[in-house]
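Because the structure is a prediction, the values reported are computed rather than measured. All residue numbers in this chain count up from 1 along the given sequence. Just so you know, ligand 1 is whichever comes first in the structure, and atom 1 is the first atom listed for that ligand.
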Amino acid sequence: MDDTFTLVTGGAGFIGSHLVDALLTDGHDVRVLDDFSTGKDENLDEAWALAAQGGAGLQVMEGDVRDEVRVRDVMDGCGAVVHLAAVPSVAQSMEDPVGCDSVTHGGTVNVVRQAVEAGVQRVVLASSCAVYGDAAQLPIAETTPARPLSPYAGAKLASEEVCMDAADAGQITAVCLRFFNVYGPRQDPGSAYSGVISRFLAAAAAGEPVTLYGDGRQTRDFVYVADVVRAIRAALSRPLVGATVVNVGTGRETDLLQILDVIDERAGRRLERRLEPPRDGDIRHSCADARRAGWVLGWEAVTPLAAGLAHTWAWFSGGYGAEVATWRFPPGGRDGE
Ligand code: NAD
Ligand code: UD2
């Protein structure tokens, strides 16, 4: 990375705002482009405080990643782009496939095109493990054929292709990071489409029932947001050429009932479970083969699920000032921590 701005699209969102904090902390100037559809002003409070300390500059521009003129303007003076803006929900994409494709794929076409025009060297794309669909074998390596099951997954795969085409033409270096299920502080629990850990912890904090879609035995590879931020940082700074596709996950799978057991123990009561049928487009099992990230980015996830859950719970129950107690999975549970 050089000394020019790093553009973070979707920088007011959950993952984006943590990335912005980390870049500023390390003295990089950051520009955010966000339409605040799911992003929030308060997610950037920490970033403004860091910028006020004077080490690095922060610019926040409101706008849509599909807007050609706006994106051309924000690209000016940027050395790298981290493209996170998207409609980040499988379920929402089933209900509104055209809208999802327009923002997620259409937005990537525009961002990459304007990056090329502006001579930006590196584009890091937030892709998703959703591109694999219901993989026949776990853990899922990057060589597994993509079988998208939802418009969201299709739009992410198409977005990767946009990046690869530009990289193949020698116009950019592209790193497509296939995030598995990211969780942590600032994840918005506010809609039925929100990440399951944020939904469960928010329900626990409010003393409300949780909703289980299906039998709760579906598994995910839950990766803590600080680890994801380190992966993005590595994708920005590693000497790479052409296009690279990398899984960002822990290599461990956990089912929803295991997560609920741990939350129950912590809450000191059994959360009421409301059972609903499985959601359309839902993947049954998911777990990353994360070795390539080690080889290519020198990255691996280091936060045990119990520790990540404890931090996330502290945030949901009292903000950053809250005490972080130790959480533990029962014997035979996920981490053996
Ligand atoms: P988020 O909703 O918190 O962040 C998305 C951000 O993009 C928001 O700030 C939103 O306002 C912004 N945005 C949406 N449409 C926009 C538009 N048209 N123009 C400009 N900004 C727009 O979600 P997140 O969880 O932080 O996800 C970030 C990225 O990571 C997304 O691309 C998502 O698909 C991907 N991803 C997330 C996960 C996960 O588990 N959270 C997993 C895989 C991939
Ligand atoms: C996540 C990402 C998505 C995509 C995908 C890749 C979020 C919000 N979405 O989708 O962007 O990259 O990973 O696979 O992080 N569930 C419940 N109760 C709830 C909420 C969810 O049972 O209140 C179930 C849901 O049906 C699914 C599992 O929990 O089986 C995980 O759901 P999710 O929305 O957290 O994540 P996912 O994997 O659909």
Side-chain angles (χ1 to χ4, degrees), residues 8-19 32-41 43-44 61-67 70-71 74 82-94 99-100 102-104 106-108 110-111 125-134 140 148-150 152-153 155-156 159 177-184 186-200 202-203 209-223 225 228 232 248-249 255-257 259-260 273-286:
V8 182
T9 74
F14 159 50
I15 299 170
S17 62
H18 286 283
L19 173 67
V32 167
L33 175 66
D34 204 298
D35 72 351
F36 293 87
S37 50
T38 56
K40 297 193 186 86
D41 275 329
N43 285 347
L44 292 169
M61 318 274 198
E62 190 164 351
D64 192 315
V65 283
R66 294 167 293 180
D67 180 334
R70 189 67 170 148
V71 174
V74 298
V82 182
H83 179 43
L84 300 170
V87 175
S89 161
V90 172
Q92 194 172 341
S93 81
M94 303 299 282
C100 168
S102 164
V103 173
T104 303
T108 305
N110 192 34
V111 166
L125 172 75
S127 185
S128 166
C129 64
V131 300
Y132 296 117
D134 253 330
I140 309 168
L149 289 177
S150 62
Y152 171 83
K156 285 295 183 187
S159 297
L177 299 177
R178 291 179 174 169
F179 300 156
F180 279 65
N181 286 66
V182 189
Y183 71 98
R186 296 186 195 150
Q187 191 165 30
D188 182 4
S191 99
Y193 305 130
S194 302
V196 67
I197 287 182
S198 71
R199 302 271 299 158
F200 285 176
V210 296
T211 306
L212 264 183
Y213 297 105
D215 61 6
R217 288 287 174 205
Q218 63 266 52
T219 58
R220 294 293 186 270
D221 182 333
F222 293 104
V223 57
V225 67
V228 172
I232 299 171
V248 175
D255 73 33
L256 301 187
L257 297 183
I259 301 269
L260 279 177
R273 281 93 161 134
R274 287 205 179 134
L275 304 182
E276 297 280 345
R279 298 198 296 205
D280 287 347
D282 223 17
I283 289 167
R284 183 71 181 156
H285 295 296
S286 175

Looking only at protein heavy atoms, which one is nearest to [atom], and how far off is it?
atom                    : result
atom 30 (O) of ligand 2 : D282 OD2, 2.6 Å
atom 35 (O) of ligand 2 : V196 N, 2.7 Å
atom 24 (C) of ligand 2 : L256 CD1, 3.7 Å
atom 6 (C) of ligand 1  : G10 CA, 3.5 Å
atom 17 (C) of ligand 2 : Y213 CD1, 3.3 Å
atom 32 (O) of ligand 2 : R279 NH2, 3.6 Å
atom 28 (C) of ligand 2 : R220 NH2, 3.9 Å
atom 13 (O) of ligand 2 : N181 ND2, 3.5 Å
atom 14 (O) of ligand 2 : C129 SG, 3.3 Å

With heavy-atom distances below 4.0 Å as the criterion, list the atoms of ligand 2 near [X].
X    : value
S194 : 8 (C), 34 (O)
R199 : 23 (O)
T211 : 17 (C), 18 (N), 19 (C), 22 (O), 23 (O)

Does an N or O from [X], backbone or side chain, lie closer than 3.5 Å to an N or O of ligand 1?
X    : value
F14  : yes
N181 : no
G13  : yes
V103 : no
L33  : no
V87  : no

Measuring from [atom], which candidate in [options] has the nearest non-hydrogen atom?
atom                    : options                : answer
atom 6 (C) of ligand 2  : P88, A91, S128         : S128
atom 38 (C) of ligand 1 : I197, I232, V223, V182 : V182
atom 13 (N) of ligand 1 : T38, T9, D35           : D35
atom 11 (O) of ligand 1 : V65, V228, V32, D34    : D34

*Does any donor atom in the side chain of T211 or R199 lie under 3.5 Å from an acceptor atom in the other side chain?*
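Distance-only check fails for T211 and R199.
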I need the atoms of ligand 1 closer than 4.0 Å to a non-hydrogen atom of [X], numbered in the order shown.
X    : answer
P88  : 2 (O), 23 (O), 33 (C), 34 (O)
S127 : 43 (C), 44 (C)
D64  : 17 (C), 18 (N), 19 (N)
F180 : 40 (O), 42 (C), 43 (C)
L84  : 28 (C), 29 (C), 31 (C), 32 (O)

*So is Y152 in contact with ligand 2, going by heavy-atom distances below 4.0 Å?*
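Heavy atoms of Y152 do come under 4.0 Å of ligand 2.
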_Test side chain to side chain contact (heavy atoms under 4.5 Å, CB included) applied to R217 - qualifying residues, sequence neighbours left out_ =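 In terms of side chain to side chain contact (heavy atoms under 4.5 Å, CB included), with neighbours along the sequence ignored, R217 is linked to D215, D255, L257, R284.
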*asked:* So, using side chain to side chain contact (heavy atoms under 4.5 Å, CB included) as the criterion, who are the partners of S191 when residues are at least two apart?
replied: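 Residues passing side chain to side chain contact (heavy atoms under 4.5 Å, CB included) with S191: Y193, S194.
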*Are F200 and L212 close enough that some pair of their side-chain heavy atoms sits under 4.5 Å apart?*
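Yes, close enough: below the 4.5 Å cut-off.
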